[in-house]
Amino acid sequence: MKKSVLTRYRVMALVTAVMLLVLCTCMVFKYGFGKGEDLTFVVSQTHGVLYIIYLVFAFDLGSKAKWSFRKLLWVLVSGTIPTAAFFVERKVVREIEPLVTGGAPAVAKA
């Protein structure tokens with residue numbers, strides 16, 4: 001598997017997670033204080049587009065890593081739960097990095 005597949009996933013997972021937190025903050029201001037309706041609209045649309053890109057990259061990574069449907073579904077849904085994508089991204093990276101590097105770490109010979 002190419003490293004670029006993992007890198008694309010990582011970038012989109014982090015960007016999507018940050019945008020979801022920004023969206024949650026905007027929603028609090030919109031419904032709690034009656035302010036920022038226009039900003040909330042822009043942030044929600046931006047998060048929606050970024051989430052679709054995240055879905056494509058996560059699905060691509062999952063198909064190349066041969067994940068089960070259940071695991072793939074959890075990774076896809078994590079982009080809709082605030083802060084979940086941060087934790088899922090770290091777990092996925094720990095699991096996939098050995099596949100990217102080609103298995104066990106190289107041992108230096110003396």
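It should be emphasised that the depicted structure is a prediction, and the values quoted were computed from it without experimental measurement.
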Checklist entry - Applying side chain to side chain donor-acceptor pair (under 3.5 Å), which residue pairs with at least one partner in residues 1-19 are found, sequence neighbours left out? => result Arg8-Asp60, Arg10-Glu89
Checklist outcome for this item: On a heavy-atom basis, the closest approach of Pro82 and Leu21 is CB-CD2, 4.1 Å
Next on the checklist: Assigning hydrophobic clusters by single linkage (Ile, Leu, Val, Met, Phe, Trp, Tyr; side-chain heavy-atom cutoff under 4.5 Å), is Val11 placed with Tyr51?
Outcome noted: yes
Item to check | Enclosure of Lys71 NZ (heavy-atom neighbours >12, cutoff 6.0 Å) | outcome: yes
Checklist entry - When clusters are formed by joining ILVMFWY residues with side-chain heavy atoms under 4.5 Å apart, either directly or through shared neighbours, do Phe87 and Trp74 land in the same one? => result no
Checklist entry - Are Tyr54 and Val75 side-chain neighbours, meaning at least one heavy-atom pair lies under 4.5 Å? => result yes
Checklist entry - Would Ile96 and Leu99 satisfy side chain to side chain contact (heavy atoms under 4.5 Å, CB included), going step by step from the backbone distance to the final call? => result CA-CA 5 Å; Ile96 299 297; Leu99 297 174; 4.0 Å; yes
Checklist entry - Can you name the closest pair of heavy atoms from Gly79 and Leu20 and give their distance? => result O-CD2, 3.5 Å
Checklist entry - Between Val28 and Val43, is there a shared hydrophobic cluster once you connect ILVMFWY residues whose side-chain heavy atoms come closer than 4.5 Å? => result no
Checklist outcome for this item: What one should report as the nearest heavy-atom pair of Val100 and Leu6 is CG2-CD2, 4.1 Å
Checklist entry - Which residues pass the ring pair (Phe, Tyr, Trp, His ring centres under 6.0 Å) test with Phe33, sequence neighbours left out? => result Phe29
Next on the checklist: Other residues, nucleotides and ligands only: do more than 12 of their heavy atoms fall within 6.0 Å of CD on Glu95?
Outcome noted: yes
Next on the checklist: If hydrophobic clusters are built by linking Ile, Leu, Val, Met, Phe, Trp and Tyr wherever their side-chain heavy atoms come under 4.5 Å apart, do Val42 and Val15 end up in the same one?
Outcome noted: no
Checklist entry - Measuring from Lys30:NZ to Ser44:OG, what's the distance to the nearest 0.5 Å? => result 7.5 Å
Checklist entry - Taking side chain as C-beta onward, heavy atoms only, is Leu61 less than 4.5 Å from Trp67? => result yes
Next on the checklist: Using modelled atom types and a 3.5 Å cut-off, is there a donor and acceptor pairing between side-chain atoms of Ser78 and backbone atoms of Ala84?
Outcome noted: no
Item to check | Residues which pass ring pair (Phe, Tyr, Trp, His ring centres under 6.0 Å) with Tyr31, listed by chain and number, not counting sequence neighbours | outcome: none
Checklist entry - From His47 NE2 over to Ile52 CD1, what is the distance, rounded to the nearest 0.5 angstrom? => result 10.0 Å
Next on the checklist: I need the Leu72 CG to Phe59 CZ distance, nearest 0.5 Å.
Outcome noted: 6.0 Å
Item to check | Over 12 foreign heavy atoms within 6.0 Å of CZ, Phe86 | outcome: yes
Item to check | ILVMFWY network linking Val92 to Val56, side-chain heavy atoms under 4.5 angstrom | outcome: yes
Checklist entry - After noting the C-alpha distance and the side-chain angles of Thr46 and Leu50, does the key distance pass the side chain to side chain contact (heavy atoms under 4.5 Å, CB included) rule? => result CA-CA 6 Å; Thr46 304; Leu50 292 172; 3.9 Å; yes
Checklist entry - Roughly how far, to the nearest 0.5 Å, is CE of Met12 from CG of Leu14? => result 10.0 Å
Item to check | Minimum-distance pair of heavy atoms, taken over all atoms of Ala85 and Ala13 | outcome: CB-O, 4.0 Å
